[in-house]
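Structure, as structure tokens:
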Amino acid sequence: MRGENAGGGESRPAGAGREGAQDGIARETRDRVGAICRSLRRAIVEQAIRPGDRLPEDALGERFGVSRTIARQALGQLAGEGLVELRRNRIAVVATPSWDEARDTFDVRISLERLVVARLAGRLTQAQQAELAAHIAREEAARGGSEAASIRLATEFHLLLAQMTGSPVLERYVAELGYRCALVLSLYSRPHSAECGVSEHRALVAALVAGDAERAVALMDHHLDAVAERARIVAAPPRERDLGRLLAPYVEAAEG
């Protein structure tokens, strides 16, 4: 039986307060880990940090204002997504996929995104169509800027399509493969015109709105194949090496 407090009301079960506090701590930890992961994913997509770059727990903890334990959890989550490699002596680096791994990643992604467009063909709401149009407008506005920004926006376009299916499974795996492909592009991609991707996205949305699933699937196949074919090994230009300065904009975004 539950006891009563002095005011006549029911008292809380023994340990309930302690369990509530523990739940709050766990929730806060998850939130912090999630914020770090989102920031590092974006830093990887935008090529602020590149394959092979070291990600020391102490430096990340200091930069994001968290303990090394939380930083370690975030690195573990990103390792599970294929974006980080965990080496001996707790050394973590941005993953460096081989060319064969890169090709396999694109092949799996193509198969998965066929399902996405097949589900969306003829089913986009007016609000979803407007959201896609607004995103493509942002892609067009980014033309002539950094290729990193174009890659990020292109990745986000595909994530947006997956979200619109309403399937948590598709959303999760399209996101993971999308970020892995962005990592591949940061390593192997050769320069290209952003206009190609924007035009392909526009044509794909038109097919979805028209309800032409066959054309939408064909366009997605062609689009992702073209992206994959742009990959080749090129020498990266010299750049900033201090991890703290590289991640500063992403920490500010996480806190905002």
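For reference, positions follow the sequence shown, starting with 1.
- Counting heavy atoms from C-beta on, the side chains of R119 and L170 come closer than 4.5 Å.
- The backbone N or O of D221 sits nowhere less than 3.5 Å from a side-chain atom of R114 that would complete a donor-acceptor pair.
- Under the 4.5 Å side-chain criterion, counting only non-hydrogen atoms from C-beta, I49 is in contact with L55.
- Minimum heavy-atom separation, S150 to A142: OG-O, 4.2 Å.
- Hydrophobic clustering (side-chain heavy atoms under 4.5 Å, transitive across Ile, Leu, Val, Met, Phe, Trp, Tyr) groups V174 together with L208.
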Apply side chain to side chain contact (heavy atoms under 4.5 Å, CB included) to V198 and R202, showing your working.
CA-CA 6 Å; V198 174; R202 191 184 297 110; 3.5 Å; yes
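- No path of Ile, Leu, Val, Met, Phe, Trp and Tyr side chains, each step under 4.5 Å between heavy atoms, connects V45 with L153, placing them in separate hydrophobic clusters.
- Surrounding CD of Q129 are more than 12 heavy atoms belonging to other residues, nucleotides or ligands, all under 6.0 Å away.
- Using modelled atom types, no side-chain atom of R143 and backbone atom of E139 make a donor-acceptor pair closer than 3.5 Å.
- For the residue pair A71 and V66, the shortest heavy atom distance occurs at N-CG2, 4.2 Å.
- A donor-acceptor distance shorter than 3.5 angstrom exists from the side chain of Q128 to the backbone of T125, with no hydrogens or angles considered.
- G52 approaches T96 most closely through the heavy-atom pair N-OG1, 3.3 Å.
- V94 places a side-chain heavy atom less than 4.5 Å from the side chain of L183.
- Interatomic distance, CD of E176 versus OG1 of T105, reported as 11.0 Å (0.5 Å rounding).
- Contact check for P97 versus R180: no side-chain heavy atoms found under the 4.5 Å cut-off.
- Contact between P51 and A95 at its shortest, heavy atoms only, is CB-O, 3.3 Å.
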Do E200 and L219 pass the side chain to side chain contact (heavy atoms under 4.5 Å, CB included) test, and can you show the C-alpha distance, the side-chain angles, and the key distance before you say yes or no?
CA-CA 7 Å; E200 291 161 4; L219 286 170; over 6 Å; no
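- Side-chain contact check for H201 and H135: no donor-acceptor pair (N or O, by modelled atom type) lies under 3.5 Å.
- For the atom pair CZ (F64) and CD1 (I36), the distance works out to 6.0 Å, reported to the nearest 0.5 Å.
- Side-chain atoms of L177 and F106, non-hydrogen and from C-beta on, never get closer than 4.5 Å to each other.
- In this structure the side chain of T165 never reaches within 4.5 angstrom of the side chain of E171, judged on heavy atoms.
- Electrostatic pairing of E28 and R32 counts as a salt bridge here, judged by a charged N lying under 4.0 Å from a carboxylate O.
- Across L204 and A216, no two heavy atoms sit closer than the pair CD1-O, 3.4 Å.
- The backbone N or O of S98 lies less than 3.5 Å from a partner atom in the side chain of E101, making a donor-acceptor pair.
- No more than 12 heavy atoms of other residues, nucleotides or ligands lie within 6.0 Å of CZ in R215, so this atom counts as exposed by the packing criterion.
- Looking at L224 and H158, their side chains come closer than 4.5 Å, going by heavy atoms from C-beta outward.
- Between R42 atom CZ and C37 atom SG the span is 15.5 Å, to the nearest 0.5 Å.
- Counting all heavy atoms, side chain and backbone alike, A182 lies closest to I151 at CB-CG2, 4.0 Å.
- Between R138 and E156, every side-chain heavy-atom pair lies at or beyond the 4.5 Å cut-off.
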Run the side chain to side chain contact (heavy atoms under 4.5 Å, CB included) test on L124 and L132 for me, step by step, so that the C-alpha distance in whole Å, both residues' side-chain angles and the decisive distance to 0.1 Å come before the verdict.
CA-CA 10 Å; L124 290 175; L132 289 168; 3.8 Å; yes
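- Linking ILVMFWY residues whenever their side-chain heavy atoms come closer than 4.5 Å, directly or via other members, places V108 and V217 in the same cluster.
- Taking CZ from R152 and OH from Y179, the interatomic distance works out to 9.5 Å, rounded to the nearest 0.5 Å.
- When hydrophobic clusters are built by joining Ile, Leu, Val, Met, Phe, Trp and Tyr residues whose side-chain heavy atoms come closer than 4.5 Å, directly or via intermediates, I44 is not grouped with V93.
- For the atom pair CD1 of I70 and CG of L75, the computed distance is 12.0 Å after rounding to the nearest 0.5 Å.
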Take R87 and E85 through the salt bridge (charged side-chain N to carboxylate O under 4.0 Å, His left out) test and state the conclusion after the steps.
CA-CA 6 Å; R87 299 177 178 174; E85 295 173 3; 3.2 Å; yes
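- To the nearest 0.5 Å, atoms CG (D107) and CZ (R109) are separated by 12.0 Å.
- With hydrophobic clusters built from ILVMFWY side chains whose heavy atoms lie under 4.5 angstrom apart, L40 shares a cluster with L159.
- For the pair R103 and D225, the salt-bridge criterion is met [side-chain N within less than 4.0 Å of a carboxylate O].
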